[in-house]
Protein chains: 2
Amino acid sequence: MQDVLLALLAKEPAHGYDLRARLRAALGPLGGDLNDGQVYVTLRRLEKAGLVTARLVGQGDRPDRKVYEPTPAGRERVARWLADVDPAARPAPTDLYLKLVAAASSRLADPVDIVDAQRRELLRRLADVQRAALAEPAGSGPALLLEGAVLRLQADLRWLDACAAHWTDRKK
Amino acid sequence: MQDVLLALLAKEPAHGYDLRARLRAALGPLGGDLNDGQVYVTLRRLEKAGLVTARLVGQGDRPDRKVYEPTPAGRERVARWLADVDPAARPAPTDLYLKLVAAASSRLADPVDIVDAQRRELLRRLADVQRAALAEPAGSGPALLLEGAVLRLQADLRWLDACAAHWTDRKK
DNA sequence: CGACACATGTAACACGTTACATGATTTG
DNA sequence: CAAATCATGTAACGTGTTACATGTGTCG
């Protein structure tokens, strides 16, 4: 998040509200879960870390803006971020897997039921995402991002099939 | 994490070291990034929240064990966790997407280069995971989890191709 | 007049990560 | 004798989440 904001500021100085709007625009329908204060908190942390500087810009009738600009240290960090490959969180559906293992070993729930419920949920989300994708102009950024979501959901659905097979075998 | 430990304790009371070992066994090669103190911190938080109780079990020569057991409130929470579908984090590769957008708009780096670097990285990880999968007994839990990782990595790789096409078009 | 866009924040909290810290016993 | 295994933790930190808090201007 910090890096993202820094990179946006490296393009041109901006104030919090504007950054939030740009983020929402870039993310499209998936930007809905952004938090109100998140951007401002992050900006203040960046400021405290000496990566950006701010100046107030009054504009008469409208509320004042606080325009941020990266410091040299900030620009350096952006460059490093862009050059590094993504650390990329654990690629596996670890959480669900642990739930299934826990359910199986504790005998409090049937893993196959959980898999079924999860499959229904993922199918629902897949439909949502695909519907949202149709609403986006083809070739737009959000459309691309939504395609990424679709691919992942499909991958997870195929994995769920493998899970179902796994625990069905064990049950008998 | 809290829920996972609670569920394991619901099966049978255990001490921290044992839980850690069970987790590592369940996760297989992917359990390597578990932190030493993590389990203990979580257990203490669970205790503070009144979801587990602990009693010390001395065993003469060996260090004492602290055996944890869920409280009724804890068991209730496990039941709820198992019944609920996974909240499942954002299904889209948002982080990388934002990096690409930031790179493109700031002109500090070429998105296509970033995509290429990322592809090399994912291919490397895919090879790692597949090699690890061969070392696991077929049909084991860890093997299943590794298959999940493979499917996701393949999905992300296909998405990278879409990204490359997207920004190659824009460049011309 | 009510809703929405503009514009900014804070405080408390939960959680994972990192790194540090200790000490006995078994095994090669 | 060194290393691995058993066994437990703590302190500090960074970050995201939640919820709260405030105020103006415009448009229908």
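Below, chain A is the first sequence line, B the second, and so on; all start at residue 1. Side chains are part of it too, since the values below use all heavy atoms of this structure and drop only hydrogens, waters and symmetry mates.
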Between [N] ([atom2]) and [X] ([atom1]): distance, integer Å:
X	N	atom1	atom2	answer
A:Lys48	C:dG9	NZ	P	15 Å
A:Leu34	D:dT18	CG	P	12 Å
B:His15	D:dT8	NE2	C1'	11 Å
B:Asp18	D:dA7	CG	C1'	11 Å
A:Arg65	C:dT8	CZ	C1'	13 Å
A:Asp36	D:dT17	CG	P	12 Å
B:Arg24	D:dA7	CZ	C1'	14 Å
A:Tyr68	C:dA7	OH	C1'	12 Å

Residue met sooner reading DNA chain D from 5', once B:Val67 and B:Arg45 are mapped to nucleotides: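 Upstream on the strand: B:Val67.
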Given the rule in the side chain to side chain donor-acceptor pair (under 3.5 Å) test, do A:Arg77 and A:Gln2 qualify, once you have shown the distances and angles that lead to the verdict? CA-CA 10 Å; A:Arg77 172 153 163 190; A:Gln2 293 196 340; 3.1 Å; yes
Examine C:dC6: is either OP1 or OP2 under 4.0 Å from a nitrogen or oxygen in the side chain of A:Tyr17? Give yes or no.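 It does, given that an N or O in the side chain of A:Tyr17 lies less than 4.0 Å from OP1 or OP2 of C:dC6.
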Considering just the side-chain nitrogens and oxygens of B:Lys66, establish if one lies under 4.0 Å of OP1 or OP2 belonging to D:dG9.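 Checking D:dG9 against B:Lys66, a side-chain N or O does come within under 4.0 Å of OP1 or OP2.
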Any salt bridge between [X] and [Y], counting N to O under 4.0 Å?
X	Y	value
A:Glu47	A:Arg44	no
A:Asp128	A:Arg124	yes
A:Arg119	A:Asp161	yes

So B:Gln38, base contact, sugar-phosphate only, or nothing? Heavy-atom distance under 4.0 Å. base
Look at all strands and tell whether A:Arg44 reaches a base, only sugar-phosphate, or nothing, counting heavy atoms closer than 4.0 Å. sugar-phosphate
Which nucleotide in the set C:dT10, D:dT8, C:dG16 lies at the smallest distance from any side-chain heavy atom of B:Arg20? D:dT8
In terms of side-chain heavy atoms of A:Asn35, which of D:dT10, D:dG9, D:dA19 is nearest?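 The closest nucleotide is D:dA19.
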Euclidean distance, B:Asp95 CG relative to A:Met1 CE, rounded to 0.5 Å: 9.5 Å
